[in-house]
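Each remark here refers to the structure printed beneath this line.
Hydrogens, waters and symmetry mates are skipped; everything else that's a heavy atom, side chains included, is used. Residue indices begin at 1 and follow the sequence shown. The structure displayed is predicted, hence computed values, not measured ones.
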Amino acid sequence: MDKLLNTNKMIISLLAVSVLAGCSNPEKRAQANRGFEYEDASLRTAPLMIPAGLEAPTFKNDYVIPKATALESQEVTGINVDVRPPTQVLPLVRGSQVLESGTGLWFYQQRLDQPLQQELNTALATFFKDKKADASETALGWSSNGNPIGSPKQRFNWQLNNDEGRRAVSLQVNLVESDASSKQEPVLAQTKQRDEAMMLNAFSLAYQRELTQQQELLDRSPIQLTLESTQGRLLVNEGYDRSWKRLVTLLPKLGFELTNRQQALGYVDVEFDGMRQGKWEDLKLPALDIPEQAYRVQLGDLGSQSSITFSDKNKVPVSNEVLRKLSNTLVPAFERTDLLR
C-alpha cells in the first residue's frame, strides 16, 4: 500500500512538473491563453423576412460597426499582441536610483580612487566583452550591436551624463534598431521599453557582481593600525565600513566575547576572558595581558580613516598601558589576512 501511495505521489509530481514546464514557455507567456480563430470570423447577414401585410421596421445606424481604416488595419491584433507587462528597471547596484523618465539609472560616487564615469566606462567595456557584443565608444557613451542577452540582434545607444553637483552619473539605454523592424515595421513602444530595461538590468547585475568581487578582495587585504597615545585611541587607515567588518571579525578570535553590538552607533560590548598562552602561540600574536573584564569598543568615523577607543563598563577610558598592550596585539592582527578565514 505504501509503495502504491509513493508511486501515485511520483506520478502526480511528474504531472505537476510537466504542466509548469509547459507554462514556462516564454512564447506562450507573451500571448493570450485562448485561440485566435475569431480573427477569421466574418459577419453574415441576411434580409429580415417580413410577413405579407406587414411593414418593415425602421432601422437606426447608431450601433453599426464601421469598417476599419487603413491605419487601424495595421494595428497589432490577435496572436501578435504581446500581453506581457512592461519590464521594470531595477536599482540592482548599491546606491543607484531609477531615473524619473526614460530607461536609465543614477549611479552615485562611492569610491575616491577614480572618477565614476571612468569606472562606468570600464564596467561597460567589460560587460560587452563578456557578452561578446560588438561595441564602440562614442562621445556620449557607447553604441553596441547585437543583443548580449538574447535575440533578435539589436543596436543600443548607451548615454552617460555626469552631474558633478550630486556626484553622480546617469546611464540611459536607447534601442535604435532591431531585426524585428527590418520589414519596415516600427518597434512597439512596449517592446522597446522592455528590451531597454532588460539590457540595463543585465548590465546592473554584472556591474554589481564586479563591485562585490572587488569589495571582497579589499576586505581581505591588510589594514594598517597605529597607536595614538596622546589621543587615547588606535587610528585605522581605512573607512568606517571596512574597519567595522575587520573589528567584529577579529575580536572573537582574540579572546573577546561579543555581548552587544550596534553598527549604526559604532560600538561593541565585549567580555575579555583571556586565552591560554598556547592559543596565542598558534595565532602567532603577542598575548594580551589586560584585565579580564567587560569593555566597550567604540569605532569613530573620520572619513577616509577610523578611530578605535576602549573603555570599561562604566565608560571610563582604559589607561595608556592597557591601550599600548591592545595595540601590540591588534596592530599585527589587522594586517593578517589569514585570520579572516
Side-chain angles (χ1 to χ4, degrees), residues 26 84-178 191-221 238-246 263 303-304 340:
R84 291 175 293 182
T87 300
Q88 184 178 2
V89 177
L90 302 175
L92 301 172
V93 178
R94 180 184 178 186
S96 61
Q97 183 181 2
V98 179
L99 288 177
E100 294 182 0
S101 60
T103 306
L105 286 168
W106 281 108
F107 296 95
Y108 291 88
Q109 183 80 44
Q110 297 185 30
R111 298 170 52 189
L112 302 177
D113 53 346
Q114 66 174 327
L116 179 57
Q117 186 163 347
Q118 178 183 340
E119 183 178 325
L120 287 171
N121 269 323
T122 303
L124 281 168
T126 303
F127 174 68
F128 297 136
K129 181 179 179 181
D130 292 343
K131 300 298 182 181
K132 296 180 174 59
D134 182 17
S136 58
E137 192 170 1
T138 66
L140 296 176
W142 290 81
S143 175
S144 63
N145 295 312
N147 191 335
I149 58 176
S151 60
K153 291 183 178 180
Q154 298 166 314
R155 183 162 65 88
F156 295 88
N157 282 342
W158 304 70
Q159 185 173 356
L160 293 164
N161 291 311
N162 188 30
D163 189 332
E164 296 183 358
R166 64 196 299 178
R167 297 181 64 194
V169 175
S170 66
L171 174 62
Q172 290 183 276
V173 181
N174 182 33
L175 174 63
V176 293
E177 186 179 349
S178 173
T191 302
K192 183 176 184 295
Q193 184 276 339
R194 181 172 56 250
D195 291 345
E196 291 171 348
M198 289 176 63
M199 286 296 297
L200 189 58
N201 289 342
F203 166 72
S204 294
L205 188 62
Y207 182 37
Q208 179 57 49
R209 188 182 301 116
E210 180 182 347
L211 291 176
T212 301
Q213 293 174 351
Q214 293 176 359
Q215 187 61 48
E216 289 176 350
L217 290 175
L218 187 63
D219 288 341
R220 292 196 296 267
S221 62
E238 282 293 343
Y240 184 88
D241 289 340
R242 280 201 69 203
S243 300
W244 174 268
K245 290 180 182 178
R246 186 64 55 93
Q263 183 174 0
S304 60
L340 305 178

Heavy atoms, side chains only, cut-off 4.5 Å: are [X] and [Y] in contact?
| X | Y | value |
| --- | --- | --- |
| Asn161 | Val169 | no |
| Val173 | Phe203 | no |
| Gln117 | Leu120 | no |
| Gln154 | Asp195 | yes |

Spatial distance of atom [atom1] ([X]) from atom [atom2] ([Y]) [nearest 0.5 Å]:
| X | Y | atom1 | atom2 | answer |
| --- | --- | --- | --- | --- |
| Met198 | Gln193 | CE | CD | 11.0 Å |
| Leu116 | Leu171 | CG | CG | 10.0 Å |
| Thr87 | Leu200 | OG1 | CG | 11.5 Å |

Heavy-atom closest pair, residues [X] and [Y]:
| X | Y | answer |
| --- | --- | --- |
| Asp241 | Gln263 | OD1-NE2, 4.2 Å |
| Leu105 | Pro91 | CD2-CA, 4.1 Å |
| Ser204 | Leu90 | OG-O, 4.4 Å |
| Arg155 | Asn145 | CD-OD1, 2.7 Å |

Checklist entry - Distance-only, no hydrogens or angles: does the Asn121 side chain make a donor-acceptor pair with backbone N or O of Trp142 under 3.5 Å? => result no
Next on the checklist: Do Thr212 and Gln208 pair up side chain to side chain, a donor and an acceptor below 3.5 Å, judged on atom types alone?
Outcome noted: yes
Checklist entry - Is the distance between the ring centroids of Trp158 and Phe128 less than 6.0 Å? => result yes
Item to check | Listed partners of Arg242 passing salt bridge (charged side-chain N to carboxylate O under 4.0 Å, His left out), at least two apart | outcome: Asp219, Glu238
Item to check | Thr103: which of Arg194, Gln172, Lys192, Glu196 passes side-chain hydrogen bond (donor to acceptor under 3.5 Å, both in side chains) | outcome: Glu196
Checklist entry - Arg246 and Leu340: side-chain contact (heavy atoms from CB on, under 4.5 Å), yes or no, with the steps? => result CA-CA 8 Å; Arg246 186 64 55 93; Leu340 305 178; 3.4 Å; yes
Checklist entry - In terms of ring plane angle, is the pair Trp244 and Tyr240 parallel, tilted or perpendicular, where the classes change at 30° and 60°? => result parallel
Checklist entry - If you count the non-hydrogen atoms of other residues, nucleotides and ligands that lie under 6.0 Å from CD in Gln118, is the total more than 12? => result yes
Next on the checklist: More than 12 heavy atoms of other residues, nucleotides or ligands under 6.0 Å from CZ of Arg94: yes or no?
Outcome noted: no
Checklist entry - Does the pair Thr138 and Asn157 meet the rule for a side-chain contact (heavy atoms from CB on, under 4.5 Å), with working shown? => result CA-CA 9 Å; Thr138 66; Asn157 282 342; 6.0 Å; no
Item to check | Contacts of Phe107 that satisfy ring-ring contact (aromatic ring centres under 6.0 Å, His included) - sequence neighbours left out | outcome: Tyr207
Checklist entry - Should Phe127 and Glu210 be marked as a side-chain contact (heavy atoms from CB on, under 4.5 Å) after you check the CA-CA gap, both sets of side-chain angles, and the distance that decides it? => result CA-CA 10 Å; Phe127 174 68; Glu210 180 182 347; over 6 Å; no
